[in-house]
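One structure is given here, and the rest of the page talks about it.
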Protein chains: 2
Amino acid sequence: MKISELARLAGSNAETIRYYEREGLLPKASRSESNYRIYTAAHLERLIFIKHCRNLDMTLGEIRTLLRFKASPEENCGEVNRLLDEHIEHVVRRIGELQELERQLRDLRECCPDGRQAAACGILEGLSQPSLEKTPGNHVPGVHASFANNINKS
Amino acid sequence: MKISELARLAGSNAETIRYYEREGLLPKASRSESNYRIYTAAHLERLIFIKHCRNLDMTLGEIRTLLRFKASPEENCGEVNRLLDEHIEHVVRRIGELQELERQLRDLRECCPDGRQAAACGILEGLSQPSLEKTPGNHVPGVHASFANNINKS
DNA sequence: TTAAAACCCTTGAGTCGCTAAAAGGTCAAG
DNA sequence: CTTGACCTTTTAGCGACTCAAGGGTTTTAA
């Protein structure tokens with residue numbers, strides 16, 4: 001099959017597939033006489049695997065690791081477990097951060113009943129105040145640009 | 001004051017400050033004879049405002065909007081409220097998504113007791129399965145690359 | 001048969017919010 | 001007078017795509 005059919009079957013998109021090939025996540029496809037990429041069921045299977053991992057918000061690096069373990073079945077899967085445990089930990093930490101963030105945003109929103117002028121806006125005032133302390137933590141990202149977006153668009 | 005003092009006072013960093021100037025979030029600083037940027041208390045205040053907003057994970061675009069409203073106090077702050085409401089909604093949606101994600105990851109982790117070979121790894125098997133449905137939603141991002149990082153490093 | 005539409009290719013640039021490196025100029029202390 | 005800390009600009013890198021330009025090919029329909 002050609003690239004757009006593969007994309008359709010995997011619920012993905014052609015540019016992303018070419019990108020994965022460049023990144024070494026998908027093996028290079030064979031080519032037709034006219035230099036079109038030709039894919040097999042094995043490619044589809046692998047692409048779906050990658051998609052599942054992305055739906056679980058894994059990085060391409062993590063997915064590469066998983067693919068290596070899939071390719072060498074003699075190895076112990078403790079590494080796979082470890083990777084997943086770490087990933088779960090990131091997600092849990094991020095949830096905590098976002099809950100704290102939500103609390104702060106709602107506090108801020110309370111400051112300003114509707115219909116005031118910006119000069120008297122409690123929100124702008126609140127954001128100028130030297131409070132709003134930092135929270136600790138590392139690795140696990142933002143609120144915009146989304147996992148949800150990825151899922152919808154693919 | 002010079003750029004590194006401003007950075008120190010705001011708990012920010014010099015490169016970020018230059019970046020904000022390029023992006024039009026901070027007004028251009030005046031220059032010394034030797035072409036060094038010279039800042040005033042007003043710059044510091046504005047930078048702190050921006051930092052608070054970033055701590056709340058707002059995009060630079062959203063912050064630009066808030067700064068516009070700060071600059072024109074005659075306008076009604078309904079827009080500010082709306083922006084914040086939307087932002088809260090993003091955060092709430094993202095929390096829900098991550099909770100669902102955590103559930104899926106834990107399910108997956110259950111599949112594979114430690115010490116198996118990759119050939120029999122329930123996780124790799126699980127990721128190959130055609131289940132793992134999409135969830136709806138848009139705008140609000142990933143698990144890696146983090147808000148927490150931003151906060152710590154700045 | 002032919003012309004338009006739909007597909008394919010590569011390369012390069014853009015997204016976001018920084019961060020860092022390279023290569024140089026300025027300034028204060030020892 | 002040299003060392004080192006600071007400042008400047010320009011440029012490229014991160015992750016995971018996404019899109020546009022500028023071409024070639026294949027399919028469809030008039």
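Proteins get letters first, then strands, A, B, ... in listed order; numbering begins at 1 in each. We use all heavy atoms of the structure for the numbers below, so side chains are in, but hydrogens, waters and symmetry mates are not.
- Where A/Leu60 and A/Tyr36 meet DNA chain D, the nucleotide closest to each residue was compared, and A/Leu60 sits on the side nearer the 5' end.
- Between the side chain of A/His52 and the backbone N or O of A/Phe49 there is no donor-acceptor pair closer than 3.5 Å.
- The structure places OG1 of A/Thr59 at 6.5 Å from CD1 of A/Ile63, a figure rounded to the nearest 0.5 Å.
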For A/Arg8 and A/Glu5: C-alpha separation, side-chain torsions, deciding distance, then whether salt bridge (Lys or Arg N to Asp or Glu O under 4.0 Å) applies.
CA-CA 5 Å; A/Arg8 196 177 48 75; A/Glu5 196 186 348; 3.8 Å; yes

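- Axis angle between the ends of the helix from C/dT1-D/dA30 to C/dG30-D/dC1, five pairs each and rounded to 10 degrees, works out to 20°.
- Between the NZ atom of B/Lys28 and the C1' atom of D/dT8 there is a distance of 14 Å, given to the nearest Å.
- Ranking C/dC18, C/dC7, D/dC7 by closeness to the A/Ser4 side chain, first place goes to C/dC7.
- Considering only side-chain atoms of A/Ser34, the nucleotide from D/dT26, D/dT8, C/dC8 that sits closest is D/dT26.
- For the pair B/His43 and B/Pro27, the tightest heavy-atom approach, listed with the atom from each and the gap, is NE2-O, 3.6 Å.
- A/Arg37 comes within 4.0 angstrom of the backbone, heavy atoms only, and of no base.
- Residue A/Arg54 places its side chain closer to D/dC17 than to any other of C/dC18, C/dC9, D/dC17.
- Residue B/Tyr20 places at least one side-chain N or O closer than 4.0 Å to OP1 or OP2 of C/dC18.
- In this structure, B/Glu45 places its CD atom where only 12 or fewer heavy-atom neighbours from other residues, nucleotides or ligands lie under 6.0 Å away.
- Between the CG atom of B/Asn35 and the C1' atom of C/dT26 there is a distance of 11 Å, rounded to whole Å.
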Pairwise N/O distances under 3.5 Å, protein to nucleotides 20-23 of chain C:
| residue | atom | partner | partner atom | Å |
| --- | --- | --- | --- | --- |
| C/dA20 | N7 | B/Glu15 | OE1 | 3.3 |

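- B/Glu5 has its CD atom 16 Å from the C1' atom of C/dA28, to the nearest Å.
- Here the P atom of nucleotide D/dA5 and the CZ atom of B/Arg8 are 17 Å apart, to the nearest Å.
- Atom CG in B/Asp57 sits roughly 15 Å away from atom P in C/dC16 (whole-Å rounding).
- Using a 4.0 Å cut-off, no side-chain N or O of B/Ser32 falls inside it from OP1 or OP2 of D/dC7.
- The heavy-atom pair separating B/Ile38 from B/Ala29 by the smallest distance is O-CB, 3.6 Å.
- B/His87 and B/Asp57 make their closest contact through CE1-O, 3.3 Å (heavy atoms, listed as atom of the first residue, atom of the second, distance).
- Among all heavy-atom pairs drawn from B/Arg64 and B/Leu25, the shortest one is CG-CD2, 3.6 Å.
- Across the protein-nucleic acid pair, A/Leu47 atom CG and D/dA16 atom P stand 16 Å apart, rounded to whole Å.
- What separates CE of B/Met58 from C1' of C/dC16 is a distance of 17 Å, to the nearest Å.
- A donor-acceptor contact shorter than 3.5 Å links the side chain of A/Arg54 to the backbone of A/Met58.
- If you take CZ of B/Arg18 and P of D/dC7, they are 8 Å apart, rounded to a whole angstrom.
- B/Lys2 places no side-chain N or O within 3.5 Å of a backbone atom of B/Arg37 that could act as its donor or acceptor partner.
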